[in-house]
Amino acid sequence: MFEDRVLRDGGSFESNVCLTDFEDEFSLLAVDEIRVSDVDGNLTIITVQDIEECKYQPYKVTFINKFGALQSLWFFKRTNEVLTTKKEEYKRNTVVNGVYSINKHQNKVLTKNGKEKLILNTGFYPEEYNEVFKEMQLSEDCWININSQTLPINISSSNLNYKTHLNDKLINYTIEIDFAFDTINNIR
């Protein structure tokens, strides 16, 4: 049913009388092409390809494009998660009442924090999306949607090799993103 498709794709379904009447009279089936004709009788045929990509968790990255508008790209192939930590240490005195204690840390951690990173793969995109990936790479403000949360990110990949169907056959981009906040919030 149409309602199931909308909800499954993460949309919000608003029922109304016209839609209910339409669903009672027609049923929506899978399609392989859409035919659109204008008032002059010109016919445009749009080919529809169903691609089932359910192996990996899809991620939506939203960025501000060159026109100042929000634009989104989906990354639906393999994702790697990386955690990098930093720490500050000091040497402390473990002598108590003239006795050296081997049970206490002589090298003690003063502060410890981490940054998380994701390595995302796009899946297969048409060659026309090279400009969109360029705009994402150049954008100063980016966000990722994870577990119904929109989190700020920075694109840490500094190179973008433009891909073409002639040279690369299927076009898949890999980017590295850093979350724009520490794992443990150290701002007090």
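All heavy atoms count here, side chains included; hydrogens, waters and symmetry mates do not.
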Is the shortest heavy-atom distance from the side chain of [X] to the side chain of [Y] under 4.5 Å?
| X | Y | value |
| --- | --- | --- |
| Gln71 | Glu135 | yes |
| Lys77 | Thr122 | no |
| Lys104 | Val96 | yes |
| Lys86 | Asn113 | no |
| Tyr125 | Val132 | no |
| Leu43 | Val36 | no |
| Leu73 | Met136 | yes |
| Ile119 | Thr174 | yes |

Using only atom types and a distance under 3.5 Å, with no angle test, would you say the side chain of Thr94 pairs donor to acceptor with the backbone of Gln106?
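Between the backbone of Gln106 and the side chain of Thr94 there is no qualifying donor-acceptor contact (under 3.5 Å).
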So, the side chain of Asn121 versus the backbone of Gly123: is there a donor-acceptor pair under 3.5 Å, distance only?
no
If you count the non-hydrogen atoms of other residues, nucleotides and ligands that lie under 6.0 Å from [atom1] in [X], is the total more than 12?
| X | atom1 | result |
| --- | --- | --- |
| Glu81 | CD | no |
| Asn97 | CG | no |
| Arg92 | CZ | yes |
| Tyr90 | OH | yes |
| Phe179 | CZ | yes |

Just verifying a value: how many Å separate Ile153 CD1 and Ser156 OG, rounded to the nearest 0.5 Å?
9.0 Å
CG on Asn65 to CG on Leu138, rounded to 0.5 Å:
11.5 Å
Ile155-Phe75 co-clustered via ILVMFWY side chain contacts under 4.5 Å
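Per the 4.5 Å side-chain linkage, Ile155 and Phe75 are co-clustered.
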The test is salt bridge (Lys or Arg N to Asp or Glu O under 4.0 Å); show your working for Glu89 and Lys108 and say whether it passes.
CA-CA 6 Å; Glu89 293 184 330; Lys108 184 72 175 155; over 6 Å; no
Does this structure show an ion pair linking Glu131 with Lys66, if we count only N-O contacts that are shorter than 4.0 Å?
yes
Inspect the contact between Lys163 and Glu127 and indicate whether a charged nitrogen and a carboxylate oxygen are less than 4.0 angstrom apart.
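A salt bridge is absent here (no side-chain N lies under 4.0 Å from a carboxylate O).
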Between Val61 and Leu120, does a side-chain contact (heavy atoms from CB on, under 4.5 Å) hold up when you go through it step by step?
CA-CA 10 Å; Val61 172; Leu120 301 169; 4.0 Å; yes
Where does the angle between the aromatic ring planes of Tyr173 and Phe133 fall among parallel (under 30°), tilted (30 to 60°) and perpendicular (over 60°)?
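Because their plane-to-plane angle lies in the 30° to 60° range, the rings of Tyr173 and Phe133 count as tilted.
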Which heavy atom in Ile64 sits nearest to a heavy atom in Ser139, and how many Å separate them?
O-OG, 3.1 Å
